[in-house]
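Step one of this worksheet: look at the structure below.
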2 protein chains.
Amino acid sequence: MARGKVQMRRIENPVHRQVTFCKRRAGLLKKAKELSVLCDADIGIIIFSTHGKLYELATNGTMRDLIERYRQSCGETQNVGDSTQPKVSTSCFDLFCSSHS
Amino acid sequence: MARGKVQMRRIENPVHRQVTFCKRRAGLLKKAKELSVLCDADIGIIIFSTHGKLYELATNGTMRDLIERYRQSCGETQNVGDSTQPKVSTSCFDLFCSSHS
DNA sequence: GCCTATTCATAAAG
DNA sequence: CTTTATGAATAGGC
């Protein structure tokens, strides 16, 4: 982005990667908050670092509520706005009920 | 941001809000993918528009797996990297177990 | 949806 | 941590 373009590959230098992770993570969360305020949207973000540390953000209410709402919506919604996922047919309800017969 | 600064309030004009929502949502998801690739992180994003439409992104695997992983981690993690939330003391496990005694 | 002027984010350096 | 040069995101128009 600055001082030279960055290539979209995994950053191999651990120090460099850590610095970039911190900066971009902050930027991403900021963007999410802005989108939430400007467009009155409800946004949740879950981030796991390489080392498995969890970072989260819920712009409205709690992540708990958001996941619960997600569980309901994804069972009704046929298609989401992003085409990254090939579309999984697994019902989201299974996630919460599979261990409780 | 461009052609004039935007104030951080809810955009009242519905058309304008819709346009901004589309543009910024795309930008947010792109940033998330970049962060995921560059820093080898696992990221999930859930977005509900004003009208309740769901948009989602899981950079690695499925949202189902990510939520499952989140459930486990948030019970172990004491603090997340973001200070937006005042810190909720409710155990995340309650979310999935409260209805099953 | 595409284009362009402008603001924003951020990689590299101090 | 703070600064700064530069690429990226995006608001407003078509």
Side-chain angles (χ1 to χ4, degrees), chain A residues 1-60 77-87, chain B residues 1-60 78-85 87:
Chain A
M1 277 78 179
R3 302 292 181 105
K5 193 181 288 186
V6 80
Q7 44 180 340
M8 282 307 298
R9 324 182 66 86
R10 173 193 149 108
I11 299 171
E12 292 303 332
N13 184 313
V15 176
H16 185 187
R17 185 169 66 241
Q18 170 63 16
V19 172
T20 297
F21 180 67
C22 288
K23 289 182 175 180
R24 280 177 172 263
R25 177 165 43 79
L28 184 70
L29 296 181
K30 181 181 177 182
K31 288 266 183 186
K33 293 172 194 170
E34 290 182 354
L35 177 59
S36 171
V37 172
L38 288 173
C39 305
D40 196 29
D42 203 353
I43 306 178
I45 297 185
I46 297 175
I47 303 177
F48 284 103
S49 73
T50 309
H51 304 297
K53 181 167 181 178
L54 169 67
Y55 301 86
E56 67 176 297
L57 166 71
T59 60
N60 230 310
T77 307
Q78 287 304 310
N79 213 325
V80 297
D82 185 66
S83 56
T84 301
Q85 301 301 317
K87 201 58 210 164
Chain B
M1 278 77 181
R3 302 291 182 107
K5 191 180 289 186
V6 80
Q7 45 180 336
M8 281 307 297
R9 325 183 65 87
R10 174 192 149 108
I11 299 171
E12 292 303 332
N13 184 314
V15 176
H16 185 190
R17 185 168 67 240
Q18 169 64 15
V19 172
T20 296
F21 180 66
C22 288
K23 289 183 176 180
R24 280 176 171 263
R25 175 164 45 80
L28 185 71
L29 296 181
K30 181 181 179 183
K31 287 268 182 184
K33 292 173 193 171
E34 289 182 355
L35 177 59
S36 172
V37 172
L38 289 173
C39 304
D40 195 30
D42 202 354
I43 306 178
I45 297 186
I46 298 174
I47 303 176
F48 284 102
S49 73
T50 308
H51 303 299
K53 182 168 182 178
L54 170 68
Y55 301 87
E56 68 176 297
L57 166 71
T59 61
N60 229 310
Q78 286 305 311
N79 213 326
V80 296
D82 185 64
S83 55
T84 301
Q85 300 301 319
K87 202 59 207 163

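We name chains A, B, ... by the order of the sequence lines, and we start the count at 1 in each one. We use all heavy atoms of the structure for the numbers below, so side chains are in, but hydrogens, waters and symmetry mates are not. Being a predicted model, the structure only gives us computed values, none of them experimental.
Not one side-chain nitrogen or oxygen of A/Lys31 sits closer than 4.0 Å to the OP1 or OP2 atom of C/dC8. Taking 4.0 angstrom as the limit, A/Lys5 places none of its side-chain polar atoms (N or O) nearer than this to OP1 or OP2 of D/dT6. A close approach under 4.0 Å does not occur between any side-chain nitrogen or oxygen of B/Arg3 and OP1 or OP2 of C/dC3.
Summarising the geometry, the separation between CG on B/Leu28 and P on D/dA9 is reported as 12 Å, rounded to the nearest angstrom. B/Met8 places its CE atom 13 Å from the C1' atom of C/dC8, with the value rounded to the nearest Å. Across the protein-nucleic acid pair, B/Arg25 atom CZ and D/dT10 atom C1' stand 15 Å apart, rounded to whole Å. What separates CZ of A/Arg24 from P of C/dA9 is a distance of 12 Å, to the nearest Å. The CG-P distance, from B/Leu35 to D/dA9, rounds to 13 Å in whole Å. Look at NZ on A/Lys33: it is 17 Å from P on C/dC8, rounded to the nearest Å. Going from atom CD of B/Glu34 over to atom P of D/dG7 covers 15 Å, rounded to whole Å.
A/Ser36 places a side-chain N or O within donor-acceptor distance of the main-chain N or O of A/Ala41, the cut-off being under 3.5 Å.
Note: B/His51 NE2 to B/Gln18 CD = 7.0 Å, rounded to the nearest 0.5 Å. Note that CD1 of A/Ile43 is 10.0 Å distant from CZ of B/Arg25, once rounded to the nearest 0.5 Å.
A heavy-atom distance below 4.5 Å is not found between the side chains of B/Ile45 and B/Glu56. Side-chain contact check for B/Thr20 versus B/Val6: every heavy-atom pair is 4.5 Å or farther apart. In this structure, A/Leu54 and A/Ile46 have side chains that are in contact, with non-hydrogen atoms separated by less than 4.5 Å. Counting heavy atoms from C-beta outward, A/Leu57 and A/Lys33 have side chains that approach closer than 4.5 Å.
Checking A/Lys23 against B/Ala26, the closest nucleotide of DNA chain D that is more toward the 5' end is the one next to A/Lys23.
Less than 4.0 Å separates DNA chain D from at least one heavy atom of each of the following residues of residues 13-21 of chain B: B/His16, B/Thr20.
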